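Written below as structure tokens is the structure these notes are about.
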Amino acid sequence: MNRSLHAIVRSPSPSMESCELTHVDREPIDMARVAQQHGRYVELLRELGCQVVELAAQPGLPDGVFVEDPAIVLDELAVITRPGAPSRRPETASIMEALRPYRPLFEIASPGTLDGGDVIVSGQTIYVGLSSRSNQAGIDQLAEIVGPHGYEVRGVELTGCLHLKSAACAIGNDRLLVQREWIDPAQFEAKRIVETDPAEIGAANVVWLGDDLIYPSEFPVTAERLRQQGFRVHCLEYDELAKAEGAVTCCSLLIRGQGKS
Ligand code: GLY
């Protein structure tokens, strides 16, 4: 159980069909299935001990359900990002208010852009994907904010996917799940690497909650690899939300530990 873990989530927007898409084709989205899959996701967070903070759906924020992108939460502080897609920048105001009770807040400013989905915190190393959404100015600003707290920020190259966390995710402070097709694991030197099954494209995105993982049910071979690593793997259907180019980490903003100092 993770009793000191909070998770901010937001209900899917009725305008979700107008979401940003970069690497997937637009297709009709069944909003009843979206609600069902998102509901199960939130229920699972609660079952695993998270105290869930639920924000209301926003008709004007098509991608608003993907709360991971407007912020980065560390133990010491939170950074409100400046999302790379202009349509997503209005998402930050409500996330800022939701995070205010928990952490001192810092902000990425123009010309910087940064999406939370491009950020992996792995111990004291913060990897940032050099994607179409996050730029060097954003990375430099992040490094200035977190440097005094002992974090090293490193830009990493990726290809063929939207965000760094499409290609790799932390499953521990020194261990990463990585999809070699989209990122060269050598960039994560000194970290332990678990590779996805090469036939399971999109399998690197996973919510890490200590010994528990939240994971899409469509990647059974990689799920078994994760079980062999000692994790309890909690699988759920996510295919309808994935039509909006989201992945499981996108739907929650995790706040580990207690309030702000
Ligand atoms: N639809 C998710 C994104 O493009 O940010």
Side-chain angles (χ1 to χ4, degrees), residues 7-31 33-38 41-42 55 57-73 79-96 98 107-108 110 112-120 127-135 137-139 142 156 158-169 179 182-183 201-207 214 216 218 236-254:
I8 295 174
V9 302
R10 187 186 337 250
S11 298
S13 171
S15 65
M16 197 169 180
E17 281 207 330
S18 309
C19 67
E20 294 286 335
L21 292 178
T22 308
H23 293 273
V24 306
D25 293 331
R26 198 170 295 280
E27 55 181 312
I29 295 178
D30 179 338
M31 289 307 295
R33 285 195 83 224
V34 162
Q36 184 188 39
Q37 293 182 359
H38 189 261
Y41 179 91
V42 173
L55 306 183
Q58 295 284 339
L61 302 178
D63 281 299
V65 67
F66 301 130
V67 289
E68 172 179 67
D69 292 311
I72 301 153
V73 182
V79 179
I80 305 300
T81 65
R82 182 166 179 269
S87 73
R88 299 203 57 188
R89 291 182 191 151
E91 295 174 28
T92 57
S94 50
I95 294 296
M96 188 184 298
E107 288 181 68
I108 300 297
S110 177
T113 63
L114 198 63
D115 277 16
D118 274 324
V119 177
I120 296 175
Y127 298 102
V128 184
L130 293 160
S131 74
S132 59
R133 299 286 177 85
S134 300
N135 65 17
I139 293 173
L142 179 65
V156 291
L158 57 141
T159 183
C161 60
L162 179 59
H163 285 133
L164 175 58
K165 274 195 242 187
S166 319
C169 276
Q179 178 117 54
W182 286 340
I183 196 161
I201 297 300
N205 189 268
V206 56
V207 177
I214 297 179
E218 63 195 290
L236 42 62
E237 288 189 348
Y238 195 86
D239 57 307
E240 206 65 38
L241 283 151
K243 290 179 182 172
E245 208 167 2
V248 286
T249 60
C250 306
C251 285
S252 56
L253 197 49
L254 298 175

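Remember, predicted model here, so these are calculated numbers, not experimental data. Counting starts at 1 for both ligands and their atoms, in listed order.
In summary, the side chains of Ser87 and Glu20 do present a donor paired with an acceptor at a separation below 3.5 Å, with no hydrogens or angles considered. Using a 3.5 Å distance cut-off with no hydrogens or angles, the side chains of Gln179 and Asn205 do not pair a donor with an acceptor.
Of the N or O atoms in Arg88, one or more lie within a sub-3.5 Å distance of an N or O in ligand 1.
No side-chain donor-acceptor contact under 3.5 Å links Glu245 to the backbone of Leu21.
For ligand 1, the atoms closer than 4.0 angstrom to any heavy atom of Leu162 are 3 (C), 4 (O). Residue Glu245 has at least one heavy-atom neighbour below 4.0 Å for each of these atoms of ligand 1: 2 (C).
Checked against salt bridge (Lys or Arg N to Asp or Glu O under 4.0 Å), Asp118 has no partners two or more places apart in sequence or in another chain. With sequence neighbours excluded, the residues forming a ring-ring contact (aromatic ring centres under 6.0 Å, His included) with Tyr127 are Phe188, listed by chain and number.
Using a 4.0 Å heavy-atom cutoff, Thr22 is absent from the residues neighbouring ligand 1. At least one heavy atom of Ala244 lies less than 4.0 angstrom from ligand 1.
Contact annotation for Asp115 and ligand 1: no heavy atom of the residue comes within less than 4.0 Å of the ligand.
Looking only at protein heavy atoms, the nearest one to atom 2 (C) of ligand 1 is Asp63 OD1, 3.2 Å. The protein heavy atom nearest to atom 4 (O) of ligand 1 is Arg133 NH2, 2.7 Å.
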**Study point:** Worked check of salt bridge (charged side-chain N to carboxylate O under 4.0 Å, His left out) between Arg10 and Glu91
**Key:** CA-CA 11 Å; Arg10 187 186 337 250; Glu91 295 174 28; 5.2 Å; no

